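Working notes, structure below.
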Protein chains: 2
Amino acid sequence: MNLKELARKLDLSPTTVSRALNGYPEVNEATRERVAAAARRYNYKPNTRAIRLATGRAMAVGHVIPVATRHEIVNPVFADFIAGAGEVYSRNGYDMLLSVVPDDNEERIYRELQSRGAVDGVIIHAPRMNDPRIALMTEMGIPFVVHGRATGSALPYSWVDVNNRRAFQRATEFLLDLGHRRIGLLNGLEFMDFAIRRRKGYEDALAERGLAADPAIMSSDEMTEAAGYRAGIAMLTRPDRPTALLVSSMIMGLGLRRAIEERGLRMGRDVSVIIHDDELSYLRNGEDVPIFTATRSSVREAGRQAADMLLDLITGRQTGPVELLLEAELIIGQSTGPRPTS
Amino acid sequence: MNLKELARKLDLSPTTVSRALNGYPEVNEATRERVAAAARRYNYKPNTRAIRLATGRAMAVGHVIPVATRHEIVNPVFADFIAGAGEVYSRNGYDMLLSVVPDDNEERIYRELQSRGAVDGVIIHAPRMNDPRIALMTEMGIPFVVHGRATGSALPYSWVDVNNRRAFQRATEFLLDLGHRRIGLLNGLEFMDFAIRRRKGYEDALAERGLAADPAIMSSDEMTEAAGYRAGIAMLTRPDRPTALLVSSMIMGLGLRRAIEERGLRMGRDVSVIIHDDELSYLRNGEDVPIFTATRSSVREAGRQAADMLLDLITGRQTGPVELLLEAELIIGQSTGPRPTS
DNA sequence: AATCGCATTCAAACCGCTTTGAATGCCTCA
DNA sequence: TGAGGCATTCAAAGCGGTTTGAATGCGATT
């Protein structure tokens, strides 16, 4: 059952039927009702493909998921980010298009999505420093929202980000207040923007108390369990081992905990740990009592906000760059305590 | 740049250009090359919307990701499964459409995908016992592949699954061979098909040695870190605590390890643990030496296989139900040892 | 020289909707 | 009575491809 057929049954032109169903004002109310009834009766559903071609809108949003070619790693926060964004899309009748792409091949995919007219807008994931994608998107003229920011990018753009600098600054200050002086950092890869900002926050807090960051107890790596373990072992076997550590993710924190326990130490007593908690649904930081003291910010909520913002840009409800900075909470768990005396 | 324009530049008809690009045989080779060169030069990409309308094919595959309404949990294996499937799709020019849906609302979404003509086929995730979606898909006549199986479904259907029963049977036997007699199970939710099969394998192995499964040391829950911890604490505080545990996921295993260590026990000495390892990219089971003894099967590979199978069904390269049972490896790590004498 | 077959190419219809510009009918007002 | 205005409906032209059926040109065959 298509529009033409339905129109014939009603003895109306396709034009009128289309207008009746799409709520145009120039249709007689009686006619509109007749059409609506027939549409219901014959179970008419307009063909999406035709609508898209006719209107020129894709009614779809693209998410390009870069897979680190180096280690084939998929960022675990995507699942929850996308869950949040997906809610918003389906509420608004948009589809979500996912492209999984080796991260050395992203530009081609964006260009293709654009020229094929497959999407009306795009979410940029995992921005790096001076990320070239921002210039690319701007040049292509596709509405886009960045999840995170790209330090060094001259152009204005829309983004949703957590205040990573502030979060890690506060976390560091909290450790300093507990008396810690030797505080290590287990960071993500430091060409990722969020990692740069976290490091900045950490260094700023130390500097403010006249402490210098010690590269020997700062690491930067993929945020996996194994990397957390590896860096943990390396730092904790040093004679001048840190008494506290800042960790960029829950998963890394689990690896670190393994290292701590393997070294016969106790987390929260011998070594204090603060992680960043994205509130991944399958990896909650404890239930009533948090396992880790953490800077916390829901990545699912970020997904919702970014999707909302993007739809605003696509539909023209908003123009020009929009920015949203979410603050992370600092929640106190069992993994921190005063500097051990000894 | 569209087809008409490109044709004009080449001084050819749209027909010929279209055929040249789509590899039809009736085009002169010289012409084909000329067209290909021009397409490259002008960066021509056929408009997806138009192709879809003209051919009636969506050139897209749907993945419906159910989000557990109870706890809002996104299954962490999706990310890697989708990474695997996505590779296959993009190699074949298909798009991947993701719908994130509360799990009580799935049917409507499938019907909609179908009637809107948004996809050519669908992957069914996380099948449950007697899963109604199989009958639904069959009735709607959409090609589909199930990731997993649905015990109790009478209809034939295509699937890709791990031999979960066999994996857990072997794992249990391995523990029995190490002298363990009191072996617990930390399973996923037991309306999920894979969980039913794992339990079956575990019970079969016990029964074969004349042992009965003890419900007091069997749990079934969401596969989160917290649930692993909770079940671990519960079982390990029993006077007749198990000396070995089978765990349905790496993440749960991490929670269990936390419980073990908190109880002052040592994993691999006081308590043996075998997990199931999906080889999630961000959660590798150790690097050279596995942390956990594990039944191992790559979910990313499963994603590739399922996608391949689905495309075969869509294009008609395969008809009728196809089945693929992947065997899990049993890899020995540091989390198992002989039953402690005491 | 006329016919045929083959390799190429093309014009036009079509996919199913939206949208523009025009037409129709009826009522109102001068 | 005729013009103007308004409400309503319609025919036809897109959107950008694919596909059908016909046309063209040319060498080979009779």
Side-chain angles (χ1 to χ4, degrees), chain A residues 1-36 38-39 42-60 93 95 112-120 315, chain B residues 1-39 42-60 93-95 112-120 315:
Chain A
M1 173 59 59
N2 58 23
L3 187 67
K4 210 190 290 182
E5 222 177 315
L6 185 66
R8 204 173 313 123
K9 286 217 193 289
L10 282 160
D11 213 11
L12 284 170
S13 72
T15 310
T16 304
V17 176
S18 168
R19 289 189 162 148
L21 292 172
N22 291 309
Y24 281 63
E26 61 266 55
V27 177
N28 186 309
E29 268 316 311
T31 310
R32 190 194 303 284
E33 269 162 39
R34 214 158 59 84
V35 171
Y42 296 110
N43 190 31
Y44 167 74
K45 292 262 185 300
N47 181 307
T48 316
R49 293 191 281 262
I51 294 182
R52 287 178 178 172
L53 180 58
T55 59
R57 287 174 307 160
M59 293 304 287
D95 284 334
E112 233 177 79
L113 283 177
Q114 155 82 326
S115 57
R116 279 172 30 204
V119 299
D120 297 319
T315 57
Chain B
M1 173 60 60
N2 58 21
L3 186 68
K4 211 188 290 181
E5 220 176 317
L6 185 66
R8 205 173 312 123
K9 286 214 192 288
L10 283 160
D11 212 10
L12 284 170
S13 73
T15 311
T16 304
V17 176
S18 168
R19 288 187 161 150
L21 293 172
N22 290 309
Y24 281 64
E26 61 265 53
V27 177
N28 186 309
E29 269 315 311
T31 310
R32 189 192 304 286
E33 269 161 39
R34 213 157 61 84
V35 171
Y42 296 110
N43 191 30
Y44 167 73
K45 291 273 183 291
N47 182 305
T48 315
R49 295 190 284 263
I51 293 182
R52 286 178 179 168
L53 180 56
T55 60
R57 287 174 305 161
M59 294 303 287
Y94 276 72
D95 284 334
E112 231 177 81
L113 283 176
Q114 155 82 327
S115 63
R116 283 177 18 204
V119 299
D120 298 318
T315 57

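Throughout, a chain's letter reflects where its sequence line sits, starting with A, and its residues are numbered from 1. Here the structure is a predicted model, which is why all the values come from computation and not from measurement.
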Could you tell me how far apart B/Arg49 (CZ) and D/dT18 (P) are, to the nearest whole angstrom? 15 Å
Looking only at heavy atoms, which two atoms of A/Gly117 and A/Ala58 are closest? And how far apart? O-CB, 3.7 Å
Which residue, B/Asn28 or B/Ala54, contacts DNA chain C at a nucleotide closer to its 5' end, judged by nearest heavy atom? B/Asn28
Does B/Asn47 use its side chain to pair, donor to acceptor, with the backbone of B/Arg49 at less than 3.5 Å? yes
Just grab all the salt bridge (Lys or Arg N to Asp or Glu O under 4.0 Å) pairs involving residues 20-35 of chain B, residues at least two apart or on different chains. B/Arg19-B/Glu26, B/Glu29-B/Arg32
Specify the separation, in whole Å, of atom OH of A/Tyr24 and atom C1' of D/dA7. 18 Å
State the CG-OG1 distance between B/Leu53 and A/Thr48, to the nearest 0.5 angstrom. 11.0 Å
Within residues 6-18 of chain B or reaching into it, pairs that qualify as salt bridge (Lys or Arg N to Asp or Glu O under 4.0 Å) - sequence neighbours excluded: none
Between CD on residue A/Glu5 and CG on residue A/Leu10, distance to nearest 0.5 Å: 11.5 Å
From CG (B/Asn22) to CD1 (B/Ile51), nearest 0.5 Å: 7.0 Å
On DNA chain D, compare the nucleotides closest to B/Glu26 and B/Lys45; which residue's is nearer the 5' end? B/Lys45
So what does B/Leu3 touch, heavy atoms closer than 4.0 Å: a base, only the sugar-phosphate, or nothing? base
So which of residues 8-16 of chain B are in contact with DNA chain C, with a heavy-atom cut-off of under 4.0 Å? B/Asp11, B/Leu12, B/Ser13, B/Thr15, B/Thr16
Within-4.5 Å side-chain heavy-atom neighbours: A/Val17 and A/Tyr44: no
Compute the bend angle of the helix from C/dA1-D/dT30 to C/dA30-D/dT1 from the end axes (five pairs per end), rounded to 10°. 80°
Expressed as a whole number of angstroms, how long is the span from A/Arg19:CZ to D/dA11:C1'? 12 Å
Could you tell me from which nucleotide to which nucleotide of DNA chain C, 5' to 3', there is an atom under 4.0 Å from chain B heavy atoms? C/dT8 to C/dG16
From NZ of B/Lys4 over to C1' of D/dC15, roughly how many Å is that when rounded to an integer? 9 Å
Here the gap from A/Leu6 atom CG to A/Ser18 atom OG, rounded to the nearest 0.5 Å, amounts to 11.0 Å
Look at the side chain of B/Asn28 and the backbone N and O of B/Ala30, then say whether any donor-acceptor pair between them is shorter than 3.5 Å. yes
With A/Arg52 via salt bridge (charged side-chain N to carboxylate O under 4.0 Å, His left out) - residues at least two apart: A/Asp95
Quick check on DNA chain C: between B/Glu29 and B/Thr55, whose nearest nucleotide comes earlier from the 5' end? B/Glu29
